There are 2 protein chains.
Amino acid sequence: MAKEQLVKKSENISQWYTTLIQLADLADYGPVKGTMIIKPYGYALWEQIQKSLDVHIKQKGVGNAYFPLFIPMSFLEKEASHVEGFSPELAVVTHAGGEKLEEALVVRPTSETIIYDAYSKWIQSWRDLPMMMNQWCNVVRWEKRTMPFMRTSEFLWQEGHTAHATLDEAIEMQNWAMDTYAKVYRQDLAIDGYVGYKSVSERFAGADTTLTFESLMPSGKVLQSCTSHNLGQNFSKVFDISFQNQQGENEFTWQTSWGLSTRSIGALIIAHGDDNGLCLPPKMAPTQVVIVPAKATDLVVAYCKGLFSELTKADIRTEFDDGDNESFGFKLNKWEVKGVPVVIKVGPKEFDNNNLTCRRRDTLTDIVMGRENANNSVKDLLDTIQKDMLISSTKYRDENTRDANNYDEFKQLLDEHKGFIRVYWNDDAEIEKLIKDETKASTRCRIAENVVGTDFYTGKPATEVWLFARSY
Amino acid sequence: MAKEQLVKKSENISQWYTTLIQLADLADYGPVKGTMIIKPYGYALWEQIQKSLDVHIKQKGVGNAYFPLFIPMSFLEKEASHVEGFSPELAVVTHAGGEKLEEALVVRPTSETIIYDAYSKWIQSWRDLPMMMNQWCNVVRWEKRTMPFMRTSEFLWQEGHTAHATLDEAIEMQNWAMDTYAKVYRQDLAIDGYVGYKSVSERFAGADTTLTFESLMPSGKVLQSCTSHNLGQNFSKVFDISFQNQQGENEFTWQTSWGLSTRSIGALIIAHGDDNGLCLPPKMAPTQVVIVPAKATDLVVAYCKGLFSELTKADIRTEFDDGDNESFGFKLNKWEVKGVPVVIKVGPKEFDNNNLTCRRRDTLTDIVMGRENANNSVKDLLDTIQKDMLISSTKYRDENTRDANNYDEFKQLLDEHKGFIRVYWNDDAEIEKLIKDETKASTRCRIAENVVGTDFYTGKPATEVWLFARSY
């Protein structure tokens, strides 16, 4: 397949995005509309996220499990708002093993219902609580408008599901999940954002509250990057998940669910990439450092090999690109497109001076460092890049968060700027809809409550602070 | 759910098996017939297999990827024997997003067709070869008779798919995959078996040859434990996967596919378990050692904690079971059911003598060892257990492999013994069917060729050695 030229990110970000995904070998389109193939380089990014997040999940005492892909339609219908929320997006299996099925099966869009049906059998006593499971799996939500990684008919994610004896414990878990996600986004993906609560109309179908991490993308649109739900007793009541407490009385459990998906890779690509290609934060990069010989004399190659072995031993994910088929310039360009954080250029000059020229992918600048203790200096450089990328993400978020005191200001800000608009407002689905219809801006999340202010829309007193933005 | 008592394995192995899966908290039945829920303790076993196998796969240069779950029906129909083989087991999505689909979608039973459709786009030149990808995913094959882990309508597996410039390379890859699987089965799962080729009628639908690892289970039935296929050019011709070779000519690629599934966990359970419960080889055990205080005095608890910290630091997966709610005997029984390789019992006696009493799960014997250098002695003990379990598996295989010179002997052996029957025979689908219809024994694999012998069935000269057995 002929590969397109990368357009400037600032000129046409959506074309830039889809071209880059092909150029960097991250993904391709699947044969069924709205589906995608995640290629090894893209999947390696998902593996990094899995590795990082899975450690946190296990440390919390949540066990990985696997529940079936197919859910009886009747399960979904048990929780009224849940089925209403997911119905339009369902894929349905009607035939299997050469026969028409008695009951149609839904391909899981999320697994609350099938997991909670099992929980109702497994949970009897307070001794069985908390019950905390997670699964890494595929889910299907039939989408009309799709975009690789950002919104596809099938995607990969993890979904955590917990049942607790008390509401407090459930809230603690909901918060833990969002704290953990925010940590992964900030520390690994180097993407900052706002944590807050979704509005009543935007929250998860079946939840009492939904926490979200909302990140501003360079397109000016905001991405809901992951969510964590307090499900209250909504599911435990309809699935009859009850337990005998220590006083011998029966109670319904309090539950949470929380998920982070391959959409995070979309965020990673679009947040950090530039006109030259991908730009990966070191913690996410499958390859952190590539050594490219400028002129492959025997001495230079030996020098590179020594360096390669030293960096590899120091657990830096390093490659030595010693192929003969490609020119030096071609190689530099190739690794730039792939977003490798540091490319070490080594030629006769470096050999003579016993040093290295390190190209930073994030700043596109060269740094010369001594050969001695290269493992430590390169490690320090990777740390610096990781930190700098987060700093610039935080800066971008903050610079693009503006306050509006009234609806006119709000609309003017939307016209003139991209990003978040912060307002005093109290959640009101009707007003929310009016604003969305008129401006295409939606509530992203509530970032404060119990404050004193003036509602930007009604002019009446308001007690909450909300972020609005146009979104993916 | 009330848990059943474990029956004796020798009395009713299939009841023993299904009860043990519940008792050891490995899995439960899903709501849709033939599906299963893999619970955290069972999934942890799958994670061990994944970890071990994934290292080999990555070292070989095979990249993990992810291809869509849904395959257009027309893709499957391209390869005639492939669609014929899988048709009876397909689950079909006919509706999605509230509408009837124009083309029905198959939920992948295996991914050759969707992956090779992509390969045909990605492969142009010899420079693109070999193309080697693997995915860890779920697949669906609608089954009438199911058994947890062994045969379920949905299961988890990895499927590797490679395309090569030459047949030799493809065969090398097919062999590599089977060697790797055999290594994992023997070294990690401590299950021995035979590697050989499937008969023409039993090979994978679309393959030129299929390598298999066949293990004898204590039920006397043999399990096809994983397979590796040389697909020849069967798929490259129908999917038009061609490349320009170094001479500028167009050629079709040579391909392989290979898979190992959660069936391996079924093998693990049934191969090693006994009347007391699971028995896990140390390399597979999520928890390798549990320290149980016999009498939790302050001194004993401190002694246990010191030991726990020492073993954990030595990377031994250790737990300290210091709960107050359960008696010493209850705890020992609990860990026995869960198959933990070593339980260290520590009471005042051990404290006074500065030693430990280690209970080996595989032999149900106690070993007293000094407290000093416990990390090394316990590691050695785990290694010994791992080795002994494989030795006894090999012994079981060998003792239950018998030679038959003619069909009468063959039938007599089947009547009197369980296990493999080794015969001189040449692959012949008609005779194979006659034998299966009469005896329920099927060909497991060909373990030698180019030999000189007398065909056990026809009495004519035969050049191959085959294993027959009754199977799962």
Side-chain angles (χ1 to χ4, degrees), chain A residues 1 28 30-32 35-44 46-47 62-72 75 87-99 101 103-105 107 114-115 117-118 121-122 124 127 133-135 137-138 140 142-144 152-154 156 262 325, chain B residues 1 28 30-32 35-44 46-47 62-72 75 87-99 101 103-105 107 114-115 117-118 121-122 124 127 133 135 137-138 140-144 152-154 156 262 325:
Chain A
M1 202 163 23
D28 203 344
V32 176
T35 64
M36 74 182 290
I37 300 166
I38 307 180
K39 297 177 84 172
Y41 199 62
Y43 197 81
W46 183 234
E47 287 183 312
V62 179
N64 282 339
Y66 187 77
F67 291 78
L69 174 70
F70 295 147
I71 305 180
F75 278 31
S87 271
E89 301 180 351
L90 298 178
V92 183
V93 173
T94 52
H95 292 72
E99 288 169 16
L101 295 170
E103 182 180 6
L105 300 176
V107 183
I114 194 164
I115 293 183
D117 176 66
K121 285 186 279 177
W122 297 339
Q124 309 291 334
R127 286 185 194 83
M133 296 190 190
N134 174 64
Q135 68 178 355
C137 65
N138 54 343
V140 170
W142 216 254
E143 299 280 359
K144 293 247 186 293
T152 47
S153 292
E154 179 189 4
L156 304 181
T262 37
N325 294 324
Chain B
M1 205 162 21
D28 204 344
V32 176
T35 64
M36 74 182 290
I37 300 165
I38 307 179
K39 297 176 84 171
Y41 199 61
Y43 197 81
W46 183 234
E47 287 183 312
V62 179
N64 282 338
Y66 187 78
F67 291 78
L69 174 69
F70 295 146
I71 305 178
F75 278 31
S87 270
E89 302 179 348
L90 298 177
V92 183
V93 174
T94 51
H95 291 74
E99 289 169 16
L101 295 170
E103 181 180 8
L105 300 175
V107 182
I114 195 164
I115 293 183
D117 176 67
K121 285 187 279 178
W122 297 339
Q124 308 292 333
R127 286 185 194 84
M133 296 189 190
Q135 66 178 356
C137 66
N138 54 343
V140 170
R141 299 180 187 175
W142 216 255
E143 299 280 0
K144 293 248 184 290
T152 48
S153 293
E154 180 189 5
L156 304 181
T262 37
N325 294 324

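Naming: A, B, ... by sequence-line order, numbering from 1 per chain. Because the structure is a prediction, the values reported are computed rather than measured.
For a residue to count as touching a neighbouring chain, one of its non-hydrogen atoms must lie under 4.5 Å from one of that chain's; by this rule E47(B) touches chain A with the side chain only. Heavy atoms closer than 4.5 Å to chain A are found in the side chain of E99(B), but not in its backbone. For Y41(B), no part lies near chain A; criterion is any non-hydrogen pair under 4.5 Å. Contacts between I115(A) and chain B at a heavy-atom distance below 4.5 Å are absent for every atom of the residue. Contact annotation for Q135(A): neither backbone nor side-chain heavy atoms come within less than 4.5 Å of a heavy atom of chain B. Residue P68(A) touches chain B through both its backbone and its side chain, counting heavy-atom pairs closer than 4.5 Å. Neither the backbone nor the side chain of V62(A) comes within less than 4.5 Å of any heavy atom of chain B.
Looking only at heavy-atom pairs under 4.5 Å with chain B, the residue among L105(A), N138(A), N325(A), T94(A) that has the most is N138(A). When the candidates I71(B), V107(B), L101(B), D117(B) are compared by the number of heavy-atom contacts under 4.5 Å with chain A, V107(B) comes out ahead. With chain A as the partner, the residue from E103(B), M133(B), R127(B) showing the most heavy-atom pairs under 4.5 Å is M133(B). Note on P88(A), G98(A), G30(A), C137(A): by heavy-atom pairs under 4.5 Å with chain B, the leading option is P88(A). Per-residue counts of heavy-atom pairs under 4.5 Å with chain A were compared for S87(B), A91(B), A44(B); the largest is that of A91(B). Of all the listed residues (P72(B), G42(B), A118(B), A104(B)), the one sharing the greatest number of non-hydrogen pairs under 4.5 Å with chain A is P72(B).
Between the T152(A) side chain and the M36(A) main chain, no donor and acceptor come within less than 3.5 Å of each other. The backbone N or O of K121(A) sits less than 3.5 Å from a side-chain atom of Q124(A), completing a donor-acceptor pair. With hydrogens and angles ignored, the 3.5 Å screen pairs a side-chain donor or acceptor of E154(A) with a backbone N or O of L69(B).
Contact record, F70(A) with V32(B): O-CG2, 3.8 Å, taken as the closest heavy-atom pair.
Across I38(B), T35(B), I37(B), a single residue satisfies side-chain contact (heavy atoms from CB on, under 4.5 Å) together with F67(A), and that is I37(B).
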Quiz prompt | Test log, rule side chain to side chain donor-acceptor pair (under 3.5 Å), inputs N64(A) and W46(B) | solution = CA-CA 10 Å; N64(A) 282 339; W46(B) 183 234; over 6 Å; no
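The side-chain heavy atoms of R141(B) and S153(B), taken from C-beta on, include no pair separated by under 4.5 Å.
Ring geometry for Y66(A) against Y43(B) counts as parallel: the plane angle stays under 30°, on a 0 to 90° scale with 60° as the upper cut.
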